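These notes concern the structure reproduced below.
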There are 2 protein chains.
Amino acid sequence: MATGRNHRPATSRSRGIPEATVARLPLYLRALTALSERSVPTVSSEELASAAGVNSAKLRKDFSYLGSYGTRGVGYDVEYLVYQISRELGLTQDWPVVIVGIGNLGAALANYGGFASRGFRVAALIDADPSLAGKPVAGIPVQHTDELEKIISDNGVSIGVIATPAGAAQQVCDRLVAAGITSILNFAPTVLSVPEGVDVRKVDLSIELQILAFHEQRKAGEDLGGPPGRRPGEGVHPETDTAPPAAPPAAAVTKRPPEPGNDGDLPAVMPA
Amino acid sequence: MATGRNHRPATSRSRGIPEATVARLPLYLRALTALSERSVPTVSSEELASAAGVNSAKLRKDFSYLGSYGTRGVGYDVEYLVYQISRELGLTQDWPVVIVGIGNLGAALANYGGFASRGFRVAALIDADPSLAGKPVAGIPVQHTDELEKIISDNGVSIGVIATPAGAAQQVCDRLVAAGITSILNFAPTVLSVPEGVDVRKVDLSIELQILAFHEQRKAGEDLGGPPGRRPGEGVHPETDTAPPAAPPAAAVTKRPPEPGNDGDLPAVMPA
DNA sequence: CAATCTTTGTGCACGCGTTCACAAAGGCAT
DNA sequence: ATGCCTTTGTGAACGCGTGCACAAAGATTG
């Protein structure tokens with residue numbers, strides 16, 4: 001999952017709607033849209049929950065924050081619910097979006113159908129490379145970074161997507177914020193610092209893989225019949241073991257069994 | 001953030017390490033790697049927390065689950081911590097990964113440097129389109145879906161990335177699982193159902209934007225000086241208002257002020 | 001109209017995650 | 001060696017999110 005519930009005092013629950021619920025509304029909306037296309041008139045919380053991959057009690061509680069939109073003994077009216085959730089999420093209006101950084105990922109995002117289909121309109125593609133300027137990507141001509149401020153103010157854009165290399169992300173972010181952007185979706189592997197009032201959500205592909213690797217390793221370790229207790233300072237992975245740990249500070253060394261010191265590099269961990 | 005902490009009894013905390021902590025370890029690792037490149041020998045929890053964008057108390061508690069790797073009065077040894085976290089995440093070994101669905105997004109993923117740099121090796125690219133077969137993407141020839149099972153078993157792949165259209169995702173998922181994949185990173189906008197023991201993490205670009213839109217709308221609404229209380233059944237968005245809500249079930253209608261019924265479509269919400 | 005059946009909406013309890021705040025631990029200067 | 005200063009590691013309190021379980025509400029049937 002894209003992590004990104006940062007900065008924003010735990011009391012974030014906007015308008016009494018818990019953050020966790022907001023994050024699930026798009027899920028419900030998608031399931032409801034699918035039902036709507038099949039002309040299904042009503043759904044029970046059980047059916048809809050199953051389609052959205054959540055618990056039915058959770059779903060009912062989520063909807064209770066929006067209001068009483070169901071009918072006991074029957075369920076929820078699909079069309080009506082689609083509208084209510086869309087309205088709550090702000091999808092009944094058009095959101096112009098700019099994408100900055102038209103590399104492989106930026107181009108893929110520009111072509112991604114899921115944006116346009118949910119009320120998001122790609123207003124502009126921006127890149128720092130002059131040779132890209134004017135070239136159409138997904139039918140939209142790429143514009144140079146110099147135009148950034150003008151594009152944003154002219155189009156009244158409030159949502160920006162950053163798909164630049166990590167090194168350029170903070171700088172781009174600063175310019176976006178200065179130009180009036182108040183919501184940022186960041187694909188660059190960096191922590192962005194933004195002023196109060198600006199929302200940042202982060203999608204990091206490699207982080208997701210690393211989390212999977214953790215669980216994968218654990219599964220493999222359990223298969224080997226290792227004891228449940230963790231063994232700090234001792235490798236859990238069966239084979240493919242790499243260089244021993246670098247030398248910890250003196251005090252820590254004395255605490256641990258003296259492993260063969262070898263300040264080698266760590267092949268698996270390279271610069272981003 | 002990519003949501004994806006599904007299915008897995010709340011007692012998921014693998015080996016005593018809380019899920020929330022695991023999700024932050026890659027963040028710490030990235031910050032530490034950057035410090036390592038600058039040859040910084042030690043960091044305090046305060047400095048590292050700031051670099052990773054988290055609270056220092058949280059960071060210390062996170063590290064406490066791994067063991068006592070710090071030195072009081074000094075801080076943490078950068079190199080040592082890099083190794084310990086890498087080992088905990090399972091990054092000291094090589095993880096072959098297959099990417100299924102080589103469209104715009106799949107190609108972008110194949111080119112993404114963040115994978116290879118963290119111990120993940122793209123073992124194969126797979127697509128159902130025969131005309132793609134053999135064509136190199138990011139230096140790797142695309143193979144046809146028919147080879148899927150063979151590729152996975154031959155390479156001992158346990159992590160799969162799904163970047164296909166939504167319609168094909170579940171089918172691909174089933175084949176991956178049957179072939180031995182136990183961890184899946186899903187970019188398709190669908191809920192995947194998998195057997196027990198298979199981990200799925202989901203990255204949904206449009207969901208992230210929808211969550212941003214929610215907060216953006218709320219900001220705009222507050223600017224208009226509206227009262228803090230929510231007004232169910234009344235549009236909050238200033239202009240750009242679309243069709244009125246579809247007719248709710250009879251009972252619900254009586255509860256609400258009779259809005260002008262108009263079973264129109266909802267322009268902002270279209271099929272995925 | 002009354003009885004029954006279905007499904008919502010929610011009060012309540014529990015557990016995880018976050019944060020505070022401080023004692024313990026180690027470095028460093030004298 | 002002794003005392004001071006810095007920073008870790010963690011006990012404890014708090015708040016959010018989840019799931020259970022049930023009463024209330026409405027549909028439906030006879």
Side-chain angles (χ1 to χ4, degrees), chain A residues 3 5-14 16-25 28 41-50 52-77 80-81 232 248-255, chain B residues 1 3 5-14 16-25 28 41-50 52-77 80-81 84 232 248-255:
Chain A
T3 40
R5 179 186 317 202
N6 291 350
H7 75 84
R8 189 171 268 276
T11 57
S12 152
R13 13 168 62 242
S14 333
I17 301 183
E19 195 58 30
T21 295
V22 173
R24 278 188 295 266
L25 290 181
Y28 302 145
T42 61
V43 266
S44 68
S45 62
E46 200 71 51
E47 292 166 329
L48 184 54
S50 161
V54 303
N55 179 306
S56 73
K58 194 185 298 187
L59 178 143
R60 288 198 300 275
K61 179 144 291 193
D62 283 342
F63 285 175
S64 79
Y65 291 115
L66 307 182
S68 289
Y69 293 152
T71 305
R72 300 181 187 220
V74 175
Y76 299 91
D77 182 90
Y80 188 65
L81 203 46
V253 170
T254 61
K255 281 200 282 184
Chain B
M1 81 201 208
T3 41
R5 174 185 321 201
N6 291 349
H7 77 82
R8 189 171 268 276
T11 57
S12 151
R13 12 168 63 243
S14 328
I17 301 183
E19 195 59 31
T21 295
V22 173
R24 278 188 296 267
L25 291 182
Y28 302 145
T42 60
V43 268
S44 68
S45 62
E46 201 72 51
E47 293 166 329
L48 184 54
S50 161
V54 303
N55 178 304
S56 73
K58 195 185 295 187
L59 178 142
R60 286 198 302 274
K61 177 141 290 194
D62 283 343
F63 285 175
S64 79
Y65 292 115
L66 307 182
S68 289
Y69 292 152
T71 306
R72 300 180 188 223
V74 175
Y76 299 91
D77 182 90
Y80 188 65
L81 203 45
Q84 290 298 342
V253 171
T254 61
K255 279 200 283 185

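Basis for what follows: all heavy atoms, side chains included, without hydrogens, waters or symmetry-related copies. Letters go in sequence order (proteins before strands), and every chain restarts at 1. Here the structure is a predicted model, which is why all the values come from computation and not from measurement.
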Legend entry - A:L25 vs A:L66 side-chain heavy atoms within contact, under 4.5 Å: yes

Legend entry - For A:V54 against A:L59, the heavy-atom pair lying closest together: CG2-CB, 4.3 Å

Inset, instruction - Return no unless some side-chain N or O of A:S45 is found under 4.0 Å from OP1 or OP2 of C:dT7. - result: no

Legend entry - Residue list, salt bridge (Lys or Arg N to Asp or Glu O under 4.0 Å) with A:R60, at least two apart or on another chain: none

Inset, instruction - Run the ring-centre check on B:F63 versus B:Y69 and record whether the distance is less than 6.0 Å. - result: no

Legend entry - Distance below 4.0 Å between B:Y76 side-chain N/O and D:dG9 OP1 or OP2: yes

Inset, instruction - Using atom CD of A:E47 as one end and atom C1' of C:dT8 as the other, report the distance to the nearest whole Å. - result: 14 Å

Inset, instruction - May I have all residue pairs that pass salt bridge (Lys or Arg N to Asp or Glu O under 4.0 Å) and include part of residues 61-71 of chain B, sequence neighbours excluded? - result: B:R24-B:D62

Legend entry - Distance in angstrom units between A:L48 CG and C:dG9 P, rounded: 12 Å

Contacts under 3.5 Å, N or O only, protein and nucleotides 28-30 of chain C:
none

Inset, instruction - Please name the pair of heavy atoms, one in A:Y65 and one in A:G16, separated by the smallest distance, quoted to 0.1 Å. - result: CD2-O, 3.9 Å

Legend entry - Minimal non-hydrogen separation, B:Y28 against B:L48, with atom names: O-CD1, 4.5 Å

Legend entry - Length of the line joining A:D77:CG and C:dT7:P, which is rounded to integer Å: 16 Å

Legend entry - Length of the CD-C1' vector between A:E46 and D:dA21, whole Å: 14 Å

Legend entry - Length of the CG-C1' vector between B:N55 and C:dC20, whole Å: 10 Å

Legend entry - Integer-rounded Å distance: D:dG17 P and A:R24 CZ: 9 Å

Inset, instruction - Taking all non-hydrogen atoms of both residues into account, name the closest pair between A:S56 and A:S45 and its distance. - result: CB-O, 3.9 Å

Inset, instruction - Would you mind reading off the distance between A:E19 atom CD and D:dG15 atom C1', rounded to a whole angstrom? - result: 15 Å

Legend entry - Of the listed nucleotides C:dT18, D:dG17, D:dG26, the one nearest the side chain of B:A20: C:dT18

Could you go over nucleotides 10-13 of chain D and give all protein N or O partners under 3.5 Å, atom names and distances?
{"from": "D:dG11", "atom 1": "O6", "to": "B:K61", "atom 2": "NZ", "distance (Å)": "3.4"}
{"from": "D:dA12", "atom 1": "N6", "to": "B:K61", "atom 2": "NZ", "distance (Å)": "3.1"}

Legend entry - By side-chain contact (heavy atoms from CB on, under 4.5 Å) - contacts of A:S50 (at least two apart): none

Inset, instruction - For B:K58 and C:dC16, give me the distance from atom NZ to atom P, rounded to whole Å. - result: 17 Å

